[in-house]
Number of protein chains: 2
Amino acid sequence: MPIKQNIKIAVDAIVFGYSDNTLYVLLVRQKYGELKKTWVLPGGFVKDEESLTDAVNRELHEEAGIKVNYLEQLYTFGDDIKRDHRGRVVSVAYFGLVNPKELKLIADTDAEDAQWFPVDAIPKLGYDHKDMINLAKERLKSKLTYQPIGFDLLEHEFLFSDLENLYTTILETGIDRRNFRKKILSFDLLEETDRISSSGSGRPARYFKFNKKKYQKLSKEGFYFEIKLV
Amino acid sequence: MPIKQNIKIAVDAIVFGYSDNTLYVLLVRQKYGELKKTWVLPGGFVKDEESLTDAVNRELHEEAGIKVNYLEQLYTFGDDIKRDHRGRVVSVAYFGLVNPKELKLIADTDAEDAQWFPVDAIPKLGYDHKDMINLAKERLKSKLTYQPIGFDLLEHEFLFSDLENLYTTILETGIDRRNFRKKILSFDLLEETDRISSSGSGRPARYFKFNKKKYQKLSKEGFYFEIKLV
DNA sequence: TCAAAAGTGTTGAGTTTACACCCATGC
DNA sequence: GCATGGGTGTAAACTCAACACTTTTGA
């Protein structure tokens with residue numbers, strides 16, 4: 001190619017996990033350079049022969065040993081030409097979700113260089129990663145209301161109260177339990193299981209699972225999932 | 001930076017214009033190289049010292065002499081590592097809208113190297129530009145229903161029938177004139193002008209304008225523009 | 001006076017919201 | 001038997017969808 005260009009291209013991932021009424025973001029400690037030991041989003045430079053998606057998954061694997069449940073492109077950060085102190089770097093940010101199992105995997109390993117932070121207790125971050133997280137939070141909030149994305153943050157089988165808490169914590173809003181259940185059930189996308197919570201206290205609850213296949217089918221036929229919450 | 005990377009970064013723009021019940025896309029003729037004379041989207045490599053947005057606007061100016069009314073980032077194409085035959089190129093695609101004045105500007109100049117094509121009469125394009133256009137069409141359709149973006153495709157002052165036709169042509173759907181007008185007016189974002197169409201035939205109609213300021217204000221306060229059309 | 005497009009209300013259906021009590025279990 | 005969380009129905013308010021005739025102009 002006859003062109004000279006001195007811009008590097010990177011990917012970064014904002015990965016959310018949810019557990020015990022808390023939304024978490026995955027951060028890693030920068031290993032080298034000026035920002036050594038600063039917390040940053042997992043990510044790095046794209047290799048010449050790999051796709052952007054592969055780059056994200058590779059970085060997540062290398063830096064955090066994690067595999068996401070859901071991944072989509074979020075936004076490409078390239079308007080601030082000084083966003084990276086090392087030179088011009090354009091970063092394609094991805095938005096990912098993991099289920100609680102993956103979350104615990106890291107939480108349990110006491111790897112010091114990859115950790116989950118509650119979204120409202122994020123340490124000072126390098127680069128423009130705070131902006132990325134904010135944008136991803138917005139995306140998560142809005143997607144929750146028009147795509148059945150919440151299920152990717154829960155176990156395969158979950159209680160209605162789990163789902164309800166997930167919505168209330170992430171959207172920071174109240175929910176009418178009856179209306180919520182009615183609405184969700186009206187989609188006919190949940191399946192009752194035989195499993196009943198071996199409860200802590202209170203009346204035992206039934207586990208449900210989300211029928212993703214059915215959703216994908218209906219979705220192609222023009223079905224829209226939608227949960228309005230004030 | 002200690003890293004070696006041989007990836008170039010480009011921007012491409014899918015710019016829509018609307019006139020006489022037709023939706024148009026702006027294309028330019030490739031000037032050099034293997035694809036010389038093929039129609040492609042306006043775009044090109046990003047310069048080291050310019051932001052992505054600046055790059056798009058510059059290319060639009062250079063290649064088509066045009067200024068867009070609305071511009072937003074669409075998607076970054078970088079998963080197919082052979083999407084550009086010249087080498088690895090990641091392209092950040094932008095989505096833009098122009099009003100009819102800008103559209104006519106080029107249509108009138110008989111510049112052979114920048115032309116508007118009706119979206120359902122797009123010639124064979126280079127690279128993956130057809131995919132980009134398809135994605136942009138989807139974005140346009142969905143945005144029309146939840147953001148007052150259609151006004152950016154119309155003159156500053158427009159007739160209700162213009163707006164109605166815009167929605168029907170782009171969304172390829174029917175509209176109940178009464179319900180549509182009722183809905184749009186209920187937002188209280190349009191202002192009547194004194195101007196009356198010096199009509200062709202039929203009863204003269206009144207011109208309206210969109211109060212963008214008011215929309216932006218309401219928008220911050222949690223107002224959502226929404227037009228549901230089957 | 002006819003053709004062409006603009007303008008205008010009402011009703012029924014469906015959806016959303018608000019709201020409170022009983023149920024099943026563990027301790 | 002009491003504390004804890006789970007599960008359930010109904011009525012009023014609102015929003016949406018369907019529907020057709022009158023008005024104003026130019027030819």
Side-chain angles (χ1 to χ4, degrees), chain A residues 19-22 144-146 154-155 157-169 171 173-209 218 222-230, chain B residues 19-21 144-146 154-155 157-169 171-209 218 222-230:
Chain A
S19 173
D20 300 305
N21 299 347
T22 313
L144 265 188
T145 69
Y146 67 89
L154 293 176
E155 309 270 7
E157 301 190 345
F158 54 86
L159 306 173
F160 241 101
S161 53
D162 293 335
L163 190 62
E164 200 186 306
N165 288 331
L166 185 141
Y167 272 83
T168 50
T169 31
L171 298 179
T173 176
I175 283 187
D176 179 298
R177 188 151 34 106
R178 274 177 291 192
N179 293 339
F180 182 73
R181 190 182 180 112
K182 225 184 304 174
K183 182 74 180 172
I184 298 272
L185 288 177
S186 76
F187 296 137
D188 205 22
L189 288 170
L190 293 198
E191 284 168 14
E192 273 190 21
T193 67
D194 296 333
R195 204 169 138 221
I196 302 284
S197 70
S198 47
S199 57
S201 89
R203 176 173 172 177
R206 184 175 292 277
Y207 281 92
F208 287 82
K209 41 185 186 178
L218 287 176
F223 164 81
Y224 291 100
F225 178 94
E226 185 169 27
I227 309 274
K228 282 192 196 144
L229 294 173
V230 186
Chain B
S19 173
D20 300 306
N21 299 346
L144 265 188
T145 69
Y146 67 88
L154 294 175
E155 309 270 7
E157 300 190 346
F158 54 87
L159 306 172
F160 241 101
S161 54
D162 293 334
L163 190 62
E164 200 186 307
N165 288 330
L166 185 141
Y167 271 83
T168 51
T169 35
L171 298 179
E172 299 170 289
T173 177
I175 284 187
D176 179 297
R177 188 149 34 104
R178 275 176 290 193
N179 291 340
F180 181 72
R181 190 183 179 110
K182 223 184 307 175
K183 183 74 182 173
I184 298 273
L185 288 178
S186 76
F187 296 138
D188 203 23
L189 289 170
L190 294 197
E191 284 168 13
E192 273 190 21
T193 68
D194 295 333
R195 202 169 139 221
I196 303 287
S197 71
S198 46
S199 57
S201 90
R203 173 173 174 176
R206 181 176 293 279
Y207 282 93
F208 288 82
K209 40 186 186 176
L218 287 176
F223 164 81
Y224 289 101
F225 178 94
E226 185 169 25
I227 309 274
K228 281 192 196 144
L229 294 173
V230 185

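Here is the naming used below: chain letters follow the sequence lines, and residue numbers restart at 1 for every chain.
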- Query: Do A/Leu144 and A/Leu166 come within less than 4.5 Å of each other through their side chains, counting heavy atoms only?
  - Reply: yes
- Query: Which whole-number value in Å describes the distance from A/Asn179 CG to D/dT10 P?
  - Reply: 14 Å
- Ring geometry between A/Phe225 and A/Phe187 (parallel below 30°, tilted from 30 to 60°, perpendicular above 60°): tilted
- Task: Using a heavy-atom cut-off of under 4.0 Å over every strand shown, decide if B/Arg206 touches base, sugar-phosphate, or nothing.
- Result: sugar-phosphate
- Query: Which whole-number value in Å describes the distance from B/Glu164 CD to C/dT8 P?
  - Reply: 13 Å
- Message: What is the distance, to the nearest angstrom, from the CG atom on B/Leu159 to the C1' atom on C/dA6?
- Response: 10 Å
Review item, nucleotides 23-27 of chain C N/O atoms under 3.5 Å of protein N/O:
residue	atom	partner	partner atom	Å
C/dC23	O4'	A/Arg203	NH1	3.4
C/dC23	O2	A/Arg203	NH1	3.4
C/dA24	N3	A/Arg203	N	3.4

- Query: Does anything in residues 181-190 of chain B reach DNA chain D, meaning a heavy atom under 4.0 Å, and if so which residues?
  - Reply: B/Lys182, B/Lys183
- B/Thr168 side chain to B/Gly174 main-chain N or O, any donor-acceptor pair under 3.5 Å? no
- Note on the structure: Separation of C/dT15 atom C1' from A/Leu229 atom CG, nearest Å, is 15 Å
- Terminal axes of the helix from C/dT1-D/dA27 to C/dC27-D/dG1 (5 end pairs apiece), angle rounded to 10 degrees, sit apart by 10°
- Using the closest heavy atom to pick a nucleotide of DNA chain C for each, name whichever of B/Asp176 or B/Ser161 lands nearer the 5' end. B/Ser161
- Report the residues that fulfil side chain to side chain contact (heavy atoms under 4.5 Å, CB included) with B/Thr193, sequence neighbours left out, ordered by chain and then residue number. B/Glu157, B/Arg195, B/Tyr207, B/Lys209
- Query: When you look at B/Lys228 and B/Thr145, which way does the side chain to side chain contact (heavy atoms under 4.5 Å, CB included) test go after all the steps?
  - Reply: CA-CA 6 Å; B/Lys228 281 192 196 144; B/Thr145 69; over 6 Å; no
- Note on the structure: Taken to the nearest whole Å, CG/B/Leu163 to P/C/dA6 is 12 Å
- Query: So do B/Leu159 and B/Arg206 actually touch side chain to side chain, heavy atoms under 4.5 Å?
  - Reply: no
- Task: Could you tell me whether the side chain of B/Ile184 reaches within less than 4.5 Å of the side chain of B/Leu189, counting heavy atoms only?
- Result: no
- Item | Approximate separation, where rounding is to 0.5 Å, of B/Ile196 CD1 and B/Arg203 CZ | 9.5 Å
- Task: Only counting residues at least two apart or in another chain, list the ones meeting side chain to side chain contact (heavy atoms under 4.5 Å, CB included) with B/Glu164.
- Result: B/Ile175, B/Arg177, B/Phe180
- Message: Over 60° means perpendicular and under 30° means parallel, so tell me whether A/Phe160 and A/Phe208 are parallel, tilted or perpendicular.
- Response: perpendicular
- What residues, two or more places apart in sequence or in another chain, satisfy ring pair (Phe, Tyr, Trp, His ring centres under 6.0 Å) together with A/Tyr146? none
- Task: May I have the distance from B/Glu192 (atom CD) to C/dG7 (atom C1'), rounded to whole angstrom?
- Result: 12 Å
- Query: So what does A/Ser197 hit on the nucleic acid, given a heavy-atom distance under 4.0 Å: a base, only sugar-phosphate, or nothing?
  - Reply: nothing
- Considering only side-chain heavy atoms of A/Arg177, which listed nucleotide, C/dG7, C/dC19, D/dT8, is closest? D/dT8
- Any donor-acceptor pair under 3.5 Å from A/Asn165 side chain to A/Ser161 backbone: yes
- Query: What is the distance from CZ of A/Phe180 to P of D/dT8, rounded to the nearest Å?
  - Reply: 15 Å
- Query: Atom CD1 of A/Ile175 to atom P of C/dT16: distance rounded to whole Å?
  - Reply: 15 Å
- Query: C/dA6 base to B/Arg178 side chain: any donor-acceptor pair below 3.5 Å?
  - Reply: no
